[in-house]
Amino acid sequence: RRSGAGPCARYAWGKGKLAAIMLWVGGMLIACPSEPASEAKKKAAEAFGCKDAGEVAGYARCAAGREKGGLKVAQPAGLRSIEGKLSPRQHCSKGRMPATPAEPGKILSQGEQGEEQPKEGRKACQSGCGLLLHIIRWARQEALNAARELAGHMHKPATKHMKAMRRCMSYLTPTPGRGYAARPSREWGGSGSSKLRLLGKSGSEYLAGPGCKSASGWPIFLEGCCLAARPKKMPARALPAAEAELCAAAQCAQDLMFAWRILACMGLAVEFPVALEIGSKGAVGLRSSWPAGGRARHISGKQYFLRGL
């Protein structure tokens, strides 16, 4: 059956077991227990004319495999290509590898006049930033915010941006085997009646940048496994810090609703209420209070959206 929440998602129930099918251009992935796998592959081959390529060992230069009761995804090939092309370790101060992807307590700003990179340096910086975004998206989510800041200056990179890019690369390259590990906190019985737990966490850094716009981030979890982690610079300036936190919470709630719809369309039950953790008591008070007026009137839409959930 085709899922109502996503055009590229299909599913099938057989003998009380779920088979989830994901489609994209030129490929298909079937995730199911070993028992109904052969039947699901047979039906998929008849419907789409696909050939069985075997068990997944990697995708998009990612190495995937089972580890300690879960699934692990790493990017060793991408990190080796960074090491071979740009040699970030040679540019580390005193040969020390950084302990964080970005310099603590500092925010990247635009370069001063005369600090712009030449054409070759600009091309190398943009290419390196593209590699970082690909690696961090799939396997190294702890550097998402550093990559977001760096990507915002690629239209006119300066010397400081090249230095920040090499620092992030130097943080990632010594640990090519590190990656994203999905280890569920509970065992699922396999039936549609078993309720799954969703969790969302949101936070915001108030006025994080020269443009006085806050930087927000939010991950969502399914049974302790990270489904999505997103950093974003807010499109408008937030007046109080609670407003920035409320906007991040509204976007996290939207992702939670999307994940719930995908699960519900596959016949899976979700445990309600779904918890959404917010890092600001003021944002919790705005969400819980009924009136919206004065300086909070411009965010009343987000306020009423969270209150109605």
Side-chain angles (χ1 to χ4, degrees), residues 3 5-6 9 73 101-102 107 133 136-149 151-152 180-186 195-209 212-266 268-290 292 296-309:
S3 172
V73 179
I107 298 171
L133 289 173
I136 291 170
R137 175 188 177 187
W138 294 104
R140 303 297 294 270
Q141 286 87 353
E142 76 271 19
L144 273 171
N145 196 50
R148 177 198 60 79
E149 278 194 355
Y180 167 68
R183 298 187 182 95
S185 57
R186 298 188 304 169
K195 293 186 176 181
L196 303 175
R197 293 176 182 172
L198 283 171
L199 171 66
K201 298 181 180 182
S202 68
S204 181
E205 187 177 2
Y206 184 56
L207 300 182
C212 297
K213 294 182 180 179
S214 303
S216 302
W218 61 93
I220 61 172
F221 300 89
L222 174 64
E223 294 293 346
C225 301
C226 183
L227 286 182
R230 307 180 190 278
K232 183 179 180 182
K233 190 173 184 179
M234 302 305 295
R237 298 180 184 180
L239 299 179
E243 177 186 336
E245 297 281 354
L246 189 75
C247 294
Q251 292 173 314
C252 182
Q254 290 174 344
D255 278 1
L256 285 172
M257 292 178 65
F258 179 65
W260 164 66
R261 288 194 181 103
I262 290 179
L263 295 173
C265 288
M266 296 171 65
L268 298 173
V270 175
E271 183 179 306
F272 286 98
V274 176
L276 173 56
E277 299 180 2
I278 307 175
S280 170
K281 188 175 181 180
V284 175
L286 277 175
R287 183 262 173 205
S288 303
S289 61
W290 283 102
R297 191 177 297 278
H298 62 288
I299 57 169
S300 60
K302 296 181 177 65
Q303 184 179 358
Y304 292 148
F305 168 71
L306 287 174
R307 186 185 301 146
L309 295 178

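We number each residue from 1, following the sequence as shown. Nothing here was measured: the structure is a model prediction, and the numbers come from that model.
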About how many Å separate [atom2] of [Y] and [atom1] of [X], when rounded to the nearest 0.5 Å?
X      : Y      : atom1 : atom2 : answer
Leu276 : Ser202 : CG    : OG    : 5.0 Å
Leu306 : Cys247 : CG    : SG    : 9.5 Å
Gln251 : Gln254 : CD    : CD    : 6.5 Å
Ser216 : Glu245 : OG    : CD    : 7.5 Å

So which heavy atom on [X] is nearest to which on [Y], and how close?
X      : Y      : result
Leu198 : Leu256 : CD1-O, 4.1 Å
Pro219 : Lys201 : CD-O, 2.8 Å
Ala181 : Arg183 : CB-NH1, 3.4 Å
Ala283 : Ile278 : CB-CG2, 3.9 Å
Ala229 : Leu144 : O-CD1, 3.4 Å
Tyr180 : Trp138 : CB-O, 4.2 Å

Donor-acceptor pairs under 3.5 angstrom involving side-chain atoms of residues 221-228: please list them, not counting sequence neighbours.
from: Glu223; atom 1: OE1; to: Arg186; atom 2: NE; distance (Å): 3.0
from: Glu223; atom 1: OE2; to: Arg186; atom 2: NH2; distance (Å): 2.6
from: Glu223; atom 1: OE2; to: Arg197; atom 2: N; distance (Å): 3.0

Inset, instruction - Evaluate the side-chain contact (heavy atoms from CB on, under 4.5 Å) criterion for residues Leu246 and Glu243: first the C-alpha distance (whole Å), next the side-chain angles of each, then the deciding distance (0.1 Å), finally the verdict. - result: CA-CA 5 Å; Leu246 189 75; Glu243 177 186 336; 5.6 Å; no
Inset, instruction - Mark yes when over 12 heavy atoms from residues, nucleotides or ligands other than Phe305 sit less than 6.0 Å from its CZ; otherwise mark no. - result: yes
